[in-house]
There are 2 protein chains.
Amino acid sequence: MQYIKIKDTIVEQIQSGLLAAGTKLPSERKLAESFKTTRVTLREALSLLEAEGVIFREDRRGWFIAERPIQLDLMSAYHIHTVAQAQGKSASTDVVVSKTVMANKEAAEKMALPPFSEIHHIERTHLVDGRPVMYAIHYVRADSTPSLLDHDISQDLSVIFANTFHLRFAQCTYGVASTSFDKEIAQALRATAGAPALLIARTHADIDGVVQEVVLEHWRHNAVALNVSAGF
Amino acid sequence: MQYIKIKDTIVEQIQSGLLAAGTKLPSERKLAESFKTTRVTLREALSLLEAEGVIFREDRRGWFIAERPIQLDLMSAYHIHTVAQAQGKSASTDVVVSKTVMANKEAAEKMALPPFSEIHHIERTHLVDGRPVMYAIHYVRADSTPSLLDHDISQDLSVIFANTFHLRFAQCTYGVASTSFDKEIAQALRATAGAPALLIARTHADIDGVVQEVVLEHWRHNAVALNVSAGF
DNA sequence: CAGTGGTCTAGACCACGGA
DNA sequence: CCGTGGTCTAGACCACTGC
């Protein structure tokens with residue numbers, strides 16, 4: 001089990017500080033030669049390290065040492081910019097899709113919408129320290145927030161909801177599942193299809209219990225850790 | 001990208017009902033032949049399906065179609081037996097380790113213990129429908145629950161806490177992270193080291209805010225989905 | 001354009017599971 | 001004891017990245 005040995009050696013080098021977070025590893029061919037093995041075996045080791053969250057890959061760009069994950073507290077409404085800043089990182093957001101459309105089946109179900117409802121469909125890539133780590137798909141009831149898309153969509157949407165539409169969320173439910181990226185989302189995150197991912201589905205309801213927004217957050221699995229607290 | 005094709009074909013067969021949950025797939029060699037490819041490429045496809053949670057493997061036993069995951073609601077104290085039952089599954093528990101020892105560093109930190117504190121150290125394998133899906137490591141303050149290990153440790157511990165020690169938990173915090181199994185835990189779950197896993201770290205405090213129990217739950221990543229709700 | 005990662009082939013040996 | 005999954009070798013071609 002050579003690949004275990006390779007894995008441990010790389011972990012060791014990271015812990016000893018020889019390989020800092022964000023560093024790119026040498027090419028697979030060079031690594032394979034260093035460890036006197038073939039690329040297939042080397043990639044086995046790298047995949048293991050990826051699954052552990054120690055390294056990650058950028059599609060066709062190579063392998064990199066992972067950063068410390070962002071800590072998310074699900075008990076308080078979060079926005080990635082403020083959370084990142086509080087943890088000494090910087091975040092930015094790219095809007096990929098923003099359109100107002102008839103609700104698709106998925107959105108209609110999750111929001112319990114009447115037929116032919118219009119929703120805003122927004123997709124954004126979120127970067128932390130310049131690295132794309134999360135892809136979010138938003139479905140927002142259009143009747144409550146008619147002119148939403150005229151605003152700057154790259155910021156915290158809840159600010160727009162509050163300031164412009166006097167819309168506040170009273171309740172939020174999360175679904176969390178461990179999966180992997182499909183092709184489209186992987187591409188948007190410069191990841192590879194099949195890379196491990198964490199899916200956080202957020203459902204926001206207003207004071208009347210009406211679901212106003214649903215967000216599907218696809219995280220690179222090593223970029224995030226969740227905290228939840230419950231009292232009884 | 002042949003392995004995408006293979007992957008899709010298998011997904012198709014599952015959705016069409018040809019492959020029921022729990023079924024074992026044919027051997028890798030046979031599958032490789034069916035798809036006119038090599039085992040390496042076939043395993044690439046299978047690994048992708050494993051990452052997606054569609055199939056899972058038992059070490060040296062083969063590949064199986066995944067069942068529907070257990071839904072866990074973190075907002076209410078759960079026990080796997082009752083949760084499984086409510087979802088039409090049956091659960092059982094094997095005690096692997098049960099001893100009273102001096103707290104190790106990990107336990108002492110998480111529980112804010114004074115030096116030389118004694119704790120109960122319990123490790124259990126949890127099975128759903130006969131399949132090992134979760135490995136739990138418990139650290140329990142021994143001073144609050146002196147005779148804990150004399151009881152039947154394979155049941156819901158909180159019942160023993162409540163009935164025997166009049167100990168109730170008032171607060172629970174969770175940490176959730178996506179990782180992979182290390183060798184020991186993989187073995188206990190008949191999984192392979194490096195297989196994707198979900199780690200849920202539970203910390204239980206009593207009414208006085210004293211941490212009485214810490215549990216590290218290592219789940220097969222496709223065996224569980226989390227639900228959380230928060231009000232503001 | 002050189003080098004890289006992504007993909008694939010056609011084998012091989014071993015240790016373990018299950019009959 | 002047979003077949004299986006786990007591991008490994010030594011190559012190859014292609015499309016893309018980054019210079």
Side-chain angles (χ1 to χ4, degrees), chain A residues 1-10 22-51 55-65 130-132 180-184 186-196, chain B residues 1-10 23-51 55-65 130-132 180-184 186-196 220:
Chain A
M1 287 187 307
Q2 218 169 313
Y3 68 86
I4 300 281
K5 183 78 183 158
I6 298 173
K7 179 176 81 79
D8 292 343
T9 306
I10 294 177
T23 311
K24 186 180 182 303
L25 289 179
S27 81
E28 294 182 358
R29 285 174 177 83
K30 278 181 189 147
L31 282 173
E33 198 184 358
S34 305
F35 289 109
K36 299 195 194 318
T37 182
T38 54
R39 272 181 72 208
V40 176
T41 300
L42 177 84
R43 280 169 67 89
E44 181 81 23
L46 294 178
S47 294
L48 261 199
L49 287 168
E50 182 188 36
I55 62 176
F56 65 93
R57 76 172 111 169
E58 300 230 342
D59 194 46
R60 286 169 196 286
R61 261 178 214 90
W63 299 85
F64 301 83
I65 311 295
R131 228 170 277 291
S180 65
F181 291 127
D182 67 28
K183 206 174 139 198
E184 285 73 29
Q187 204 153 31
L189 293 179
R190 298 210 295 257
T192 52
Chain B
M1 289 188 310
Q2 222 169 309
Y3 68 86
I4 300 283
K5 183 75 185 162
I6 298 173
K7 179 175 81 77
D8 292 344
T9 305
I10 294 176
T23 311
K24 185 179 184 303
L25 289 179
S27 80
E28 295 182 356
R29 286 173 176 82
K30 277 180 190 149
L31 282 174
E33 199 184 359
S34 304
F35 288 109
K36 299 194 196 318
T37 184
T38 54
R39 271 181 72 208
V40 176
T41 300
L42 178 84
R43 280 169 67 89
E44 181 80 24
L46 294 178
S47 294
L48 260 199
L49 287 168
E50 182 188 37
I55 63 176
F56 64 94
R57 76 173 111 170
E58 300 230 341
D59 194 46
R60 286 170 196 285
R61 264 179 212 88
W63 299 85
F64 301 83
I65 310 295
R131 228 170 277 289
S180 65
F181 291 127
D182 66 28
K183 205 174 141 199
E184 286 72 31
Q187 204 153 29
L189 294 179
R190 298 210 295 257
T192 52
R220 290 186 89 120

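Order of the sequence lines fixes the chain letters, A, B, ..., with proteins taken first and strands second; residue numbering starts at 1 for each chain. Basis for what follows: all heavy atoms, side chains included, without hydrogens, waters or symmetry-related copies.
Straight-line distance from the CG atom of B/Leu42 to the P atom of C/dT9: 11 Å, rounded to whole Å. At whole-Å resolution of the value, CD in B/Glu58 and P in D/dT4 are 17 Å apart. Between B/Lys24 atom NZ and C/dA19 atom P there is a gap of 11 Å when expressed in whole angstrom units. Counting to the nearest Å, the P atom of C/dT9 and the CE atom of B/Met1 are 14 Å from each other. Summarising the geometry, the separation between CD on A/Glu50 and P on C/dG6 is reported as 9 Å, rounded to the nearest angstrom. Spacing between atom CZ of B/Arg43 and atom C1' of D/dT7 amounts to 8 Å, rounded to whole angstrom units. The separation between B/Lys5 atom NZ and C/dT7 atom P is 17 Å, rounded to whole Å.
Remark: B/Gln2 is in phosphate contact with C/dT9, judged by side-chain N or O atoms under 4.0 Å from OP1 or OP2. Side-chain nitrogen and oxygen atoms of A/Arg57 include none within less than 4.0 Å of the OP1 or OP2 phosphate oxygen of C/dG5. Considering only side-chain N and O atoms, A/Thr192 lies nowhere under 4.0 angstrom from the phosphate OP1 or OP2 of C/dG6. Between B/Tyr3 and the phosphate of C/dC8, there is no side-chain N or O to OP1/OP2 separation shorter than 4.0 Å.
B/Phe35 is linked by a ring-ring contact (aromatic ring centres under 6.0 Å, His included) to nothing, counting only residues two or more places apart in sequence or in another chain. Judged as a side chain to side chain donor-acceptor pair (under 3.5 Å), and not counting sequence neighbours, the contacts of B/Thr37 are B/Gln2. By the side chain to side chain donor-acceptor pair (under 3.5 Å) test, B/Arg60 is found to be paired with no residue, residues two or more places apart in sequence or in another chain being considered. Looking at residues two or more places apart in sequence or on another chain, you find no ring-ring contact (aromatic ring centres under 6.0 Å, His included) involving B/Phe181.
Here the nucleotide nearest the side chain of B/Lys30, chosen from D/dT4, C/dG5, C/dT9, is D/dT4. Taking every side-chain heavy atom of A/Thr41 into account, D/dC8 is the closest of C/dT7, C/dG5, D/dC8.
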Per-pair distances, 0.1 Å, donor-acceptor, side chain in residues 25-32 of chain A, under 3.5 Å, sequence neighbours excluded:
from    : atom 1 : to      : atom 2 : distance (Å)
A/Ser27 : OG     : A/Lys30 : N      : 3.2
A/Glu28 : OE1    : A/Arg39 : NE     : 3.2
A/Glu28 : OE1    : A/Arg39 : NH2    : 3.0
A/Glu28 : OE1    : A/Arg43 : NH1    : 3.3
A/Glu28 : OE2    : A/Arg43 : NH1    : 2.8
A/Glu28 : OE2    : A/Trp63 : NE1    : 3.0

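In this structure, A/Phe56 CZ and A/Ile65 CD1 are separated by 9.0 Å, a value rounded to the nearest 0.5 Å.
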Nucleotide by nucleotide, nucleotides 10-19 of chain D touches protein heavy atoms under 4.0 Å in the pattern (B base, S sugar-phosphate only, - none) B-BB-BSSS-
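Between the side chain of B/Arg220 and the main chain of B/Leu189, a donor-acceptor pair closer than 3.5 Å is present.
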